[in-house]
Amino acid sequence: MTASGIRANVRSGSTRSPVAATALRWATKAPLNAFLAAVALLWLIPTLGLFMTSLLSPVEISQGGWWRVFSRPALITVENYRDILANEAIISALTTTLLVSVGGTTATLLLAAFTAYAFAWLEFPGRDWLFLFVVALLVVPVQMTLIPLFSLYNDVGLFDTVLGLILFHTAFGLPFSIFLLRNFFLGIPKDLFEAGRIDGGSAFQLFWRIALPLGRPALASLAIFEFLWNWNDFLIALTFGRDTQVVTVAIFSQLRQYGSNIELIAPASFLSLALPLVVFFAFQRSFASGLLAGSID
Amino acid sequence: MRPMANGGNVEEPRVKEAKHQSRWRAHVVPLCFVAPAAILLGVWLVYPVLFTVVRSFFDRSGEHWVGVENYVALFTSDFLVTAIRNNAIWVAVVPAVVTAFGLILAVLTERISWTAAFRLVVFMPMAISLFTAGVIWRLVYEKEPDRGALNAVIAAGQETLRPVGELAEAAPSTDAVREHPPGGLALAKSLKPGDVALLGLTQIPTSDVRKSAVDAVRPDALASGISGVVWRDFRPGGGTPGTVEREELGLPAIAVELRDERGEIVSETTTAADGTFAFEEVAPGDYVTSIAAQNFARPFEGISWLGASLVTPAIMIAYTWVWTGFALVVIAAGLAVLPRELLEAARLDGASENQVLRHITVPLLAPVLTAVFVTMLINVLKVFDVVLAIAPGSVQDDANVIALAMWRTAFGGKSDFGLGSAIAVLLFALVLPSLFLNMRRFRREV
């Protein structure tokens, strides 16, 4: 019998009836439940505040707090969202963000998978040292690269382009992705590759027919991560774009005249966090496990 | 190398050709796999790192070698000293708080039935951008209590304890009435029994005057007491300040105090509908008549969370809100694989939950806690988005951190690439030790 089983017996022996036991357990747990419910509320209210604010008309926003919608639900209006979906700057920013995120994620995954496969299953001199070097690049702060790349981007015409942002995100996504995928590929049984080689498969065919399909779980959680990182970026887009604005940067330029245009900032911010939230809720399992794999980065 | 026929050791040239070709392929094929990523990493990471280090020894234009001048500026210019000091506060507070919150919540959520839901809620901010999280908290921190949620909560609490006074906006109508040290407004002249106190006030909005108020009356003098009136010394179309006139309203239900020469309150009363009050049977002597301080209690004006002094703690709270979920999920995963038997055995031996936590759970979790702490340390050193999103332009100097200082120096108008590079190198040097921690782990896995 396990220790917890013993403990359960000791517990139930000391109480008179199942009803009393349930009541007692409930009573002792009530403060804890109440405390954690309060903490959970604390975590929900700020985001809720943004959402409720986005549902108030500009006049109402200036007249009082968002919490009035609970007593006066009639205040709710989708006016701000209608306006924002007609706002070309915001729509173009959302499109740019989507392009950069999808492009960056695809490129990172593809290049990282190739490289990770080579690090895992191909023989070449200096392979493991090169891998360690790539992993070491994980510690480089983005700030270390901004100044030279700003000059470079201006020289070669990548400044203020979607391609420039995609390439930047791809490069910075590589070390972590290569690390994760290489370790995953190493877990594929060697026999599978041996069998493929005997059948006359080239390195590329082995990669395409064996490693990639089997690596799907790792690729999937990596895709979610990369997508969210790219979508949520602010610093890179702020530095390397001017008219090519992603949504965070577009909101930031509105934020500078804060107070007068909260009816634009609130819905835009909510739109910018809606997609990550949907992705997060849809794939929370892969999200958490991926996070654990990369918990030291 | 060309294949050669060798009489003694007969080998088909074609086989040799194939062998050579396969050796050639053995090098070229991996190169094809690695090259695209290698080029990107080389151009976007390796080259910039080297360039930034070199650039940090040149002036802003990049033409003149200035030695360590930029590095001296790091520790001498006010702008950067503030940034480094703030970042030190961040490092001292946030990683420890986030790790502690994560641990506490991980342990507590094991004992409830809605564990998964709770963890999901706390983890949710991890999915959204730090920038947007900043926007969310900027709303929370709005100064006016009827717009900012945090100040609204404080205002509600404060107004229960100390209601807003009816005379919050009132001011004396003449010099005869002025502020006095115990609080409230008092007649400047001290009174003796038999005198009449005229306490005229202005600047009271009509909406603040009670419905029950009637026209003010100048009360009769009392033989051995002090009488008086508190009234709204304002008549549409003008009037004489300090005189009770027709159409001027009395102010009902106002607390009035009578103090002796030592400043002790000897009597208290409230005004009638016409604003009059009376202190009967007052012993001979000099007295000060005053309208009590609580009548003037101003509404809560809101704490200026985003003012210079509170902005850094305010941003740290927002940042903790974002990252606690990360600590919670990672620590909870560590907790899930702890040997349960050990914990249960300790409990059976009579250890309290506190003792189990301190002497068993925490030591066993040490590697996970360290990993979370170190990750947070590095994150906090690089904090940027959330500061720029929350701190209004006017307090960005006060809220400054290293990464923000770097960006503002290089791209925020100053365009000083020399100093900007030096700040970046400082940041790099600060996060570099984590490389060695990581390497230990990676090597184990290689």
What orientation do F131(B) and F252(A) show, parallel under 30°, tilted 30 to 60°, or perpendicular over 60°?
perpendicular

Side chain, backbone, both or neither: which part of T320(B) has an atom under 4.5 Å from a heavy atom of chain A?
backbone

Report the option among I112(B), V34(B), V122(B), V431(B) that has the most heavy-atom pairs separated by less than 4.5 Å from atoms of chain A.
V122(B)

Heavy-atom cut-off 4.5 Å, strictly under: side chain, backbone, both or neither for T109(B) against chain A?
both

With respect to chain A, which residue among L105(B), L41(B), V29(B) yields the maximal number of heavy-atom pairs within a distance under 4.5 Å?
L41(B)

Tightest non-hydrogen contact, residues F124(A) and P30(B), listed as CD2-CB, 3.3 Å

Where R111(B) and L32(A) come nearest, the two heavy atoms and their spacing:
CB-CD2, 3.8 Å

Please determine whether side-chain hydrogen bond (donor to acceptor under 3.5 Å, both in side chains) holds for the pair S129(B) and W231(A), giving the CA-CA distance in whole Å, both sets of side-chain angles, and the decisive distance to 0.1 Å.
CA-CA 8 Å; S129(B) 69; W231(A) 180 276; over 6 Å; no

Side-chain atoms of residues 42-51 of chain A: list all donor-acceptor pairs with protein atoms under 3.5 Å, sequence neighbours left out, distances to 0.1 Å.
from   : atom 1 : to      : atom 2 : distance (Å)
W43(A) : NE1    : W321(B) : O      : 2.9

Scanning both residues in full, the closest heavy-atom pair of P141(A) with L427(B) reads CB-CD2, 4.2 Å

Between the CG atom in L174(A) and the CG atom in L45(B), the distance rounded to the nearest 0.5 Å is 8.5 Å

Over 60° means perpendicular and under 30° means parallel, so classify the ring planes of F150(A) and F417(B), tilted if in between.
perpendicular

Under 3.5 Å: donor-acceptor pair, side chain of S269(A), backbone of T132(B):
no

Looking only at heavy atoms, what is the nearest atom pair of R147(B) and I262(A), with distance?
NH2-CG2, 4.2 Å

Rounded distance (nearest 0.5 Å) linking atom CG of L50(B) with atom OG1 of T145(A):
12.0 Å

Mind checking the CD-OG1 spacing from E142(B) to T53(A)? Nearest 0.5 Å is all I need.
8.5 Å

Within the side chain of N232(A), is there an N or O that forms a donor-acceptor pair under 3.5 Å with the backbone of A127(B)?
yes

Closest non-hydrogen atom pair, A37(B) against T115(A):
CB-OG1, 3.1 Å

Nearest heavy-atom pair of G420(B) and I147(A): which atoms, and what distance?
C-CD1, 3.7 Å

Among the options I423(B), L150(B), T324(B), L130(B), pick out the one with the most heavy-atom pairs lying under 4.5 Å from chain A.
T324(B)

Using 0.5 Å steps for rounding, measure from the OG1 atom of T170(A) to the CH2 atom of W44(B).
8.5 Å

With chain A, the option among L120(B), V53(B), L381(B) that has the most non-hydrogen atom pairs under 4.5 Å is L120(B)

Would you tell me whether T239(A) and W407(B) have side-chain atoms, one donor and one acceptor, within less than 3.5 Å of each other?
yes

Would you say the rings of F207(A) and F33(B) are close, in the sense that their centroids are separated by under 6.0 Å?
yes

Are any non-hydrogen side-chain atoms of L138(A) and L435(B) less than 4.5 angstrom apart?
no

To the nearest 0.5 Å, how far apart are CD in Q143(A) and CZ in F428(B)?
12.0 Å

Contact class of P145(B) relative to chain A, heavy atoms under 4.5 angstrom:
backbone

Identify which part of S151(A) has an atom lying under 4.5 Å from any heavy atom of chain B, answering side chain, backbone, both or neither.
side chain

Option in K382(B), R55(B), M406(B) with maximal non-hydrogen atom pairs under 4.5 Å from chain A:
M406(B)

Under the rule for salt bridge (Lys or Arg N to Asp or Glu O under 4.0 Å), what residues qualify as partners of E144(B), not counting sequence neighbours?
none

Hey, could you give me the CG/CG distance between L388(B) and L255(A), rounded to the nearest 0.5 Å?
8.5 Å

With chain A, the option among I39(B), V121(B), V46(B) that has the most non-hydrogen atom pairs under 4.5 Å is V121(B)

